[in-house]
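See structure below.
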There are 2 protein chains.
Amino acid sequence: MAYRETEKMRERKARARQNIIERTWECVAEGGFRSARITRIAGLAGVATGTIYRHFESREDLFAEIFRLATQREVDKVAEALNVYGNAVERLDNALRKFAQRALKGPMKAWALIAEPVDPKVEEERLVYRKAYASLFEQAIRDGIAEGCIPDQNARLASTCLVGAISESLVGPLSPTQTDIPPGQDNNEDELVNTIVCFCIRGLTGTRS
Amino acid sequence: MAYRETEKMRERKARARQNIIERTWECVAEGGFRSARITRIAGLAGVATGTIYRHFESREDLFAEIFRLATQREVDKVAEALNVYGNAVERLDNALRKFAQRALKGPMKAWALIAEPVDPKVEEERLVYRKAYASLFEQAIRDGIAEGCIPDQNARLASTCLVGAISESLVGPLSPTQTDIPPGQDNNEDELVNTIVCFCIRGLTGTRS
DNA sequence: ACAAAGAATGAACCATGATTCACTACTTGT
DNA sequence: ACAAGTAGTGAATCATGGTTCATTCTTTGT
């Protein structure tokens, strides 16, 4: 008898898997899921295409995992930003700002997570993601209504509007075919974030900033 | 000498072309551009696949034309709704409502026009479309600022927010993988439209409805 | 050093779907 | 009726890109 899987081997495999995940996310950040080719991912990861299939059942499964990991990160950040000291409006303002800033830092990623059409297994993950956001914002809106700093309204729909306004405003203008915004114009970006967040908060509260 | 293209022939060709366009739009309304197969379009139109290529240079060109025609229709409708009697806020309210209602009536169409990733030639058309909307809303917002019914703000960015909020709020919830909303719930739809439009108007004006 | 077991490889395979083109069928002017 | 020219056809071709699998390389226990 011979080869038995050893700890060292397990680790090496885990590292390889992790590496594939990271390279894939790089690809996605570059052109979305659709254009992330297995061959390219394998190339970046420095392995053969077949190797990908030793670690993941299929392309779709790989993507689903990537998606899950990435969205978890995003949702956590927003939850964190929603957890600062202050009233509901201030906390929402903070969270929206964080959301917008993160999306702007990686517009392609944001697009892939929010709007890119994806295969069923990935779409399933997206549903979870949407729900996670919706719940976070919805709860904050309810808090605000209870505190009296937000007028009574349908918190669920309002939270959808929030996500919609912010994500499209960011993803739309900054999606794939966009070359006319010179990079490094933080000025522009700051104004964009401000305008969007103001719009959202006003939409919610009905009061001028 | 013989065959010279005659009026009758020209008409027949035009009719065939028109038919292809309409069948294609049907396909798009069903599953977006990506899933609109040439073979299916040809089948619906009752012609051979090769025939499509007698009328259009390529699939992409066909799609670009479809897109152009469809968006023209949409933009015209919104322009019209923006042209009613009333102050800027009322006119915007009316236009937003029209936009939302039309999108809800054909969620897949709306998604295809607004958010579906498309090939370059089609994306180019979409840019025109976005600009057309942006200009319409932007002008109305400027009017409102001049009239004093909308506070001073960056009209261009605000118009983007409007389109963003409304389109994502509609397209997101109603995009492809959506089966949990029983059809015919006009109640739901009305509330959705109301909430979104209220949100947009408040976002713009900062006043409670 | 050797054999057993798994890991890695990447060229071959396969599915999908757009596009082509040799051919047929139709229109038209004489 | 015929010839010239055009429209229509759809099976064959081509391109893309995910997936497989026979083979080679590594690791491990004796």
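Below, chains carry the letters A, B, ... as their sequence lines are ordered, and counting in each starts from 1. What's counted below: heavy atoms across the whole structure, side chains too, no hydrogens, waters or symmetry copies.
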Whole-Å distance separating the CZ atom of Phe63(B) from the P atom of dG17(C): 12 Å
NZ/NE/NH1/NH2 to OD/OE distance under 4.0 Å, Glu124(B) and Lys121(B): no
Nearest-Å distance for atom pair CZ/P, residues Arg59(B) and dA15(D): 18 Å
Distance test, side-chain N/O of Lys8(B) to OP1/OP2 of dT27(C), below 4.0 Å: no
Pair Lys109(A) + Glu74(A): basic N to acidic O under 4.0 Å: no
His55(A) side-chain N/O to dA8(C) phosphate OP1/OP2 under 4.0 Å: yes
Whole angstrom value for the distance that separates P of dA18(C) from CD1 of Ile41(B): 8 Å
Thr51(B) side chain vs Val47(B) backbone, donor-acceptor pair below 3.5 Å: no
Charged N-O contact under 4.0 Å between Glu30(A) and Arg40(A): yes
Which atom pairs link the protein and nucleotides 23-26 of chain D when you take only N or O atoms and keep those under 3.5 Å?
none

Side-chain N,O (Arg4(B)) to OP1/OP2 (dT28(C)) below 4.0 Å: no
Polar side-chain atom of Arg59(A) near backbone of Ala36(A) as donor-acceptor pair, under 3.5 Å: yes
Distance in angstrom units between Tyr53(B) OH and dC23(C) C1', rounded: 19 Å
Salt bridge Arg130(A)-Glu123(A), side-chain N to carboxylate O under 4.0 Å: no
Whole-Å distance separating the CD atom of Glu5(A) from the C1' atom of dG29(D): 15 Å
Ion pair Glu11(A)/Lys8(A), N-O distance below 4.0 Å: no
Thr6(B) side chain vs Met9(B) backbone, donor-acceptor pair below 3.5 Å: no
Strand contacts (DNA chain D) in residues 14-39 of chain A, 4.0 angstrom heavy-atom criterion: Arg37(A), Ile38(A)
Donor-acceptor pair, side chain of Asp119(B) and main chain of Val122(B), under 3.5 angstrom: no
Upstream residue (5' side of DNA chain C) when Lys13(A) and Thr6(B) are each assigned their closest nucleotide: Lys13(A)
Atom pairs, protein N/O to nucleotides 9-12 of chain D N/O, distance under 3.5 Å:
from	atom 1	to	atom 2	distance (Å)
dT9(D)	OP2	Ala48(B)	N	3.0
dT9(D)	OP2	Thr51(B)	OG1	2.5
dG10(D)	N7	Gly50(B)	N	3.3

Distance in angstrom units between Asp119(B) CG and dA18(C) P, rounded: 11 Å
Distance-only polar pair, side chains of Asn94(A) and Glu90(A), donor-acceptor under 3.5 Å: no
Ala45(B) backbone acceptor or donor facing Arg23(B) side chain under 3.5 Å: no
Results of side chain to side chain donor-acceptor pair (under 3.5 Å) for Ser135(A) - residues two or more places apart only: none
Stepwise salt bridge (charged side-chain N to carboxylate O under 4.0 Å, His left out) check, Glu65(A) with Arg17(A): CA-CA 11 Å; Glu65(A) 173 121 15; Arg17(A) 189 188 153 92; 2.7 Å; yes
Axis deviation across the helix from dA1(C)-dT30(D) to dT30(C)-dA1(D), five-pair ends, to the nearest 10°: 0°
Counterpart residues, side chain to side chain donor-acceptor pair (under 3.5 Å), relative to Asn83(B) (two or more places apart): none
Atom-to-atom span, CZ of Phe56(A) to C1' of dA8(C) - whole angstrom: 16 Å
Integer-rounded Å distance: dA8(C) C1' and Ile52(A) CD1: 11 Å
